[in-house]
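The structure appears below as structure tokens.
The chains referred to below are lettered A, B, ... by the order of the sequence lines, with proteins before strands, and numbering in each begins at 1.
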Number of protein chains: 2
Amino acid sequence: MSRQRLSRSESQALTRMRLLDAAAEVFAEHGVAGASVERIADRAGYTRGAFYGHFADKDAVVAALLEERTRREREEVAQLAASEGDTWEALRSWHRERSAHLEDWLALRLELVRHALRRPPGERSVLAQREAYAREALTGAVARELGTGTAEAAFTALIVHALEDGLAIQRAIDPGSVPADAVVTATEIVLRGARTADEP
Amino acid sequence: MSRQRLSRSESQALTRMRLLDAAAEVFAEHGVAGASVERIADRAGYTRGAFYGHFADKDAVVAALLEERTRREREEVAQLAASEGDTWEALRSWHRERSAHLEDWLALRLELVRHALRRPPGERSVLAQREAYAREALTGAVARELGTGTAEAAFTALIVHALEDGLAIQRAIDPGSVPADAVVTATEIVLRGARTADEP
DNA sequence: GTCTATAAAGAGATAGAC
DNA sequence: GTCTATCTCTTTATAGAC
């Protein structure tokens, strides 16, 4: 690598990645439907010709973006799960980091959710799998925290997972009314409630 | 009213309402940016001429829609709060009813959230006020349920409020993994956790 | 008030030059 | 691989008829 001339496939991949990142930004700003191919290419520093050299159309870039983000997230989660220390604490700091770019993240996330929901149920699988995977990881952490099996922990994990979106929305709408670490505090409350439910 | 000929202002208001309802549907299906004025007018049974007779442009109908839905929700919440019976149970059944048209509701809701987030923070007030009002109503109900003051109940109410969006998203993505009454069950868990937190 | 007609701009997608 | 040129279709918004 370093200062060497990029090989053909490397520069190809670079352009593709630049276009993907640009698309993510423009989607977040204007929405998928409101983002023109020209704007995306322009943001990446190219013209439309380059765009169509890498993607068949706008839908293709949405699909590619969803898969790329899903893959990236899988890697991050896998890393968290493999870490030796406190998995729960690791997940917490992950959320804290995310809250720094919360608005951009939420905007893109809502766009991808909306886009997935617009197609028939059978074709929502990429997003559904991403969600399932994230929830599985959370379920493991919750089960460990509560000292129960995964079956009992599943619903609690769902709540925690759902809170991430829900609180992000509330914080984006009115940052003053939602603390930056609301997810962490809320998760503690939910875990306490789940613990109490186990011992009636 | 009844079978009498509509007055001028009545028929005017009727057309406006039809256009608003049509806009809500089309926004939910195609997104605000993906919805053309012609589609909206067509859905309402008119042509674009009628549309431009009532709204300056597409942004105007989004603003009107947000205000109209906010007003409608305020009335519903006010009715709930005024009802003699168990306010909490009334809120629950409200959620249950909503889950029937969950996808449509969520689609429109996410569109309006996205649209609000696309403008500068100062201009998000209509949605922010709507959220604040809903949360206030919830805070009252939570305080009564926990037997605490509103200050202590505020954060718990925020969690419950956020869960509504978060669980709706999860259920829309994969209905099989989220029970229809998940909000109710989750709320019970959260309340239990909040109660335990009060008595350390 | 709502329709039809139309002007003007924007966007998707392809073809050919380099 | 990426650019410029171009074709076509869609959309916005206005103007004038009824």
In plain terms, say whether [X] and [Y] are close enough for a salt bridge, that is, a side-chain N and a carboxylate O under 4.0 Å apart.
X: B:E29; Y: B:R39; result: no
X: B:R98; Y: B:E73; result: yes
X: B:R18; Y: B:D42; result: no
X: B:R96; Y: B:E89; result: yes

Separation of atom [atom1] in [X] from atom [atom2] in [N], rounded to whole Å:
X: B:K58; N: D:dT11; atom1: NZ; atom2: P; value: 9 Å
X: B:D59; N: D:dT11; atom1: CG; atom2: C1'; value: 15 Å
X: A:R48; N: C:dG10; atom1: CZ; atom2: P; value: 12 Å
X: B:I40; N: D:dT11; atom1: CD1; atom2: C1'; value: 12 Å
X: B:F55; N: D:dA13; atom1: CZ; atom2: C1'; value: 16 Å
X: B:R16; N: C:dT2; atom1: CZ; atom2: P; value: 13 Å
X: B:E38; N: C:dT2; atom1: CD; atom2: P; value: 17 Å
X: B:H54; N: C:dG1; atom1: NE2; atom2: P; value: 8 Å

>> Under a 3.5 Å threshold, yes or no: a donor from one side chain and an acceptor from the other, between B:R135 and A:S177?
In response: yes
Return no unless some side-chain N or O of [X] is found under 4.0 Å from OP1 or OP2 of [N].
X: A:S11; N: D:dG1; result: no
X: B:T15; N: C:dT2; result: yes
X: B:T47; N: C:dC3; result: yes

>> Regarding A:G53, tell me which of base, sugar-phosphate or nothing describes its non-hydrogen contacts under 4.0 Å with the strands shown.
In response: nothing
>> Using a heavy-atom cut-off of 4.0 Å across all strands, would you classify B:Y52 as base, sugar-phosphate, or nothing?
In response: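 Since a base atom lies under 4.0 Å of B:Y52, the category is base.
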[X] has a side chain; which of [options] sits nearest to it?
X: B:A50; options: C:dG12, D:dT12, C:dT2; answer: C:dT2
X: B:D57; options: D:dA13, D:dT11, C:dA13; answer: D:dA13
X: A:Q12; options: C:dG1, D:dT12, D:dG1; answer: D:dG1

